[in-house]
Visitor: 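Quick one: this structure, given as structure tokens, is what I'll be asking you about.
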Amino acid sequence: MIDEIAFDTSRACAERLDAADPLRRWRTEFEIPPDAAGNPRVYLVGNSLGALPRRARDYVNAELDRWGHLGVDGHFTGALAWEPYHELLTEPMARIVGGQSDEVVVMNSLTANLHLLMISFYEPTPQRHKILIEDHAFPSDHFAVESQIRQRGFDPASSLVLLRPRAGRTTLDPSDILDAIAQLGSELALVLLPGVQYYTGQVLPMPEITDAAHGAGARVGFDLAHAAGNVPMQLHDWDVDFAAWCTYKYLNGGPGGVGAAFVHQRHVADQQLPKLLGWWGTRKDTRFEMKTEYEPIPTVESWQLSNAPILSMAALRASLEIFDEVGGVATLRTKSERQIAYLDHLLGAVLAGRIVSLTPPEPERRGAQFALTITSREVDGRAVYDRLEEAGVACDWRHPNVIRVAPVPLYNTFVDIHRFVEILEGLIP
Ligand SMILES: *Cc1c(COP(=O)(O)O)cnc(C)c1O
């Protein structure tokens, strides 16, 4: 058992942890990008683009073959027929976020889904028109919210409220978020926050935020780009109104992969909600009668617009299958917590005073990602990042001085973590 092995800074310790890891065999299901010599890189950017599941090649090729052989008949032929293909992903994706099968749909892309859902769940009135987001939101989310506010005839200067960490802090204090919601009270229309913050890796208290927003009479949506496949969630039980996420980060769905959305059951059949419509949201049994009377599917599928991107969904199907075979996000999270603790231990033992982490130290307030800043003024952080990459470490640089690394429990080893710290230590005098 990995949790019985005491940490030390030796490589032998990392090897012991790997040998005792019950999930170690899953790494062989992935292609880890190689360095110039052909050896697997220390791939710590699964928070940006997850590694390729080997079986995705077969799943995508199967669809290319079906296209080649069946042509247009592929839409309606066999167990992999394209017309209902997205349904193959619904249950596995619902398990990733703790949703019911009528609450989760794989469709479009993340920012597009945020827009579609805000059309439904941001219904501003002169009294209640404010949207609460974080100051350090991912730019796409910020742009989406600003443009939604303008689209409804309101002004971001008065309708957009930005949550900032306290002076001298890098992450939001959970109680400050809840206080801000309560203070906005009857002016607050919508809270739109990340489940896991993309820059710092902070896990936000989603159930408490949801309760606070509902207590204020507002709706709440989460951007789960960095949460899906990283931390366990129970969106249905938490009573979240809506959520959207991408699939190319921890879910390994491939570059630009199809996105996903959650709408709580109590909203899915609500005909009063404003909605942008397309033919893929209409009843499946009458869709091809090509009538122009809209008959919505009584699930979140009624937010679908277009027929689905099958090649992207085929790759995602391969990855979600692996999540199920492993035992789900909760199983992965157990290993992840161990890997996070190990990386914490090494950074503290080897690099204390030279590196600070922006990520909250409490296990329940962090996911797989570390955001690290080099404290020494003589050291140029960007140069350290470049040399990490040259040494075969794939990580991520964020202006002005943050290196992000994310050990992913599906395919990163404890030896990966050890190598990263060893190489980093050699670069920071
Ligand atoms: C990755 C990410 C995005 C990217 O949006 P796309 O529409 O998929 O390009 C948006 N928001 C957050 C918080 C992200 O982490």
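For the numbers below, each heavy atom of this structure counts, side chains included, while hydrogens, waters and symmetry mates do not. Atoms within a ligand are numbered from 1 in the order they appear, just like the ligands themselves.
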Visitor: Begin from the C-alpha positions of Arg57 and Glu31 and carry the test side chain to side chain contact (heavy atoms under 4.5 Å, CB included) through to its verdict.
Guide: CA-CA 11 Å; Arg57 291 186 185 276; Glu31 295 187 21; 2.7 Å; yes
Visitor: Which of the numbered atoms in ligand 1 are under 4.0 angstrom from any heavy atom belonging to Ala225?
Guide: 2 (C), 12 (C), 14 (C), 15 (O)
Visitor: In the protein, which heavy atom is nearest to atom 5 (O) of ligand 1, and how far is it?
Guide: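 Result: Thr111 OG1, 3.4 Å.
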Visitor: Looking at Arg333 and Glu337, is any side-chain nitrogen of the basic one under 4.0 Å from a carboxylate oxygen of the acidic one?
Guide: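 Counted as a salt bridge, because a side-chain N and a carboxylate O are separated by less than 4.0 Å.
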Visitor: Using a strict 4.0 Å cut-off to heavy atoms of Tyr248, name the atoms of ligand 1 that fall inside it.
Guide: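 Atoms satisfying the 4.0 Å criterion: 1 (C), 4 (C), 5 (O), 6 (P), 8 (O), 9 (O).
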Visitor: Can you tell me if Glu325 and Trp26 form a side-chain donor-acceptor pair at under 3.5 Å?
Guide: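 Side-chain D/A pair, Glu325 to Trp26: absent.
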Visitor: May I ask you to identify the nearest protein heavy atom to atom 12 (C) of ligand 1, giving residue, atom name and distance to one decimal place in Å?
Guide: Phe138 CG, 3.3 Å
Visitor: I want to know if ligand 1 touches Lys249 in the polar sense, i.e. an N/O pair below 3.5 angstrom.
Guide: yes
Visitor: Taking side chain to side chain contact (heavy atoms under 4.5 Å, CB included) as the definition, give me every residue that meets it alongside Ala112, ordered by chain and number, with sequence neighbours left out.
Guide: Asn108, Ser109
Visitor: Is the closest N or O pair between Asp223 and ligand 1 shorter than 3.5 Å?
Guide: yes
Visitor: Using a strict cut-off of less than 4.0 Å between a Lys/Arg side-chain nitrogen and an Asp/Glu carboxylate oxygen, indicate whether Glu87 and Lys284 qualify as a salt bridge.
Guide: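 So Glu87 pairs with Lys284 through a salt bridge.
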Visitor: List in chain and number order the residues that pass ring-ring contact (aromatic ring centres under 6.0 Å, His included) with Tyr59, two or more places apart in sequence or in another chain; answer none if no residue qualifies.
Guide: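 Applying ring-ring contact (aromatic ring centres under 6.0 Å, His included) to Tyr59 gives none.
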Visitor: Hey, which atoms in ligand 1 end up nearer than 4.0 Å to a heavy atom of Asp141?
Guide: 10 (C), 11 (N), 12 (C), 13 (C)
Visitor: If you measure every N/O of His226 against every N/O of ligand 1, is any gap under 3.5 Å?
Guide: yes
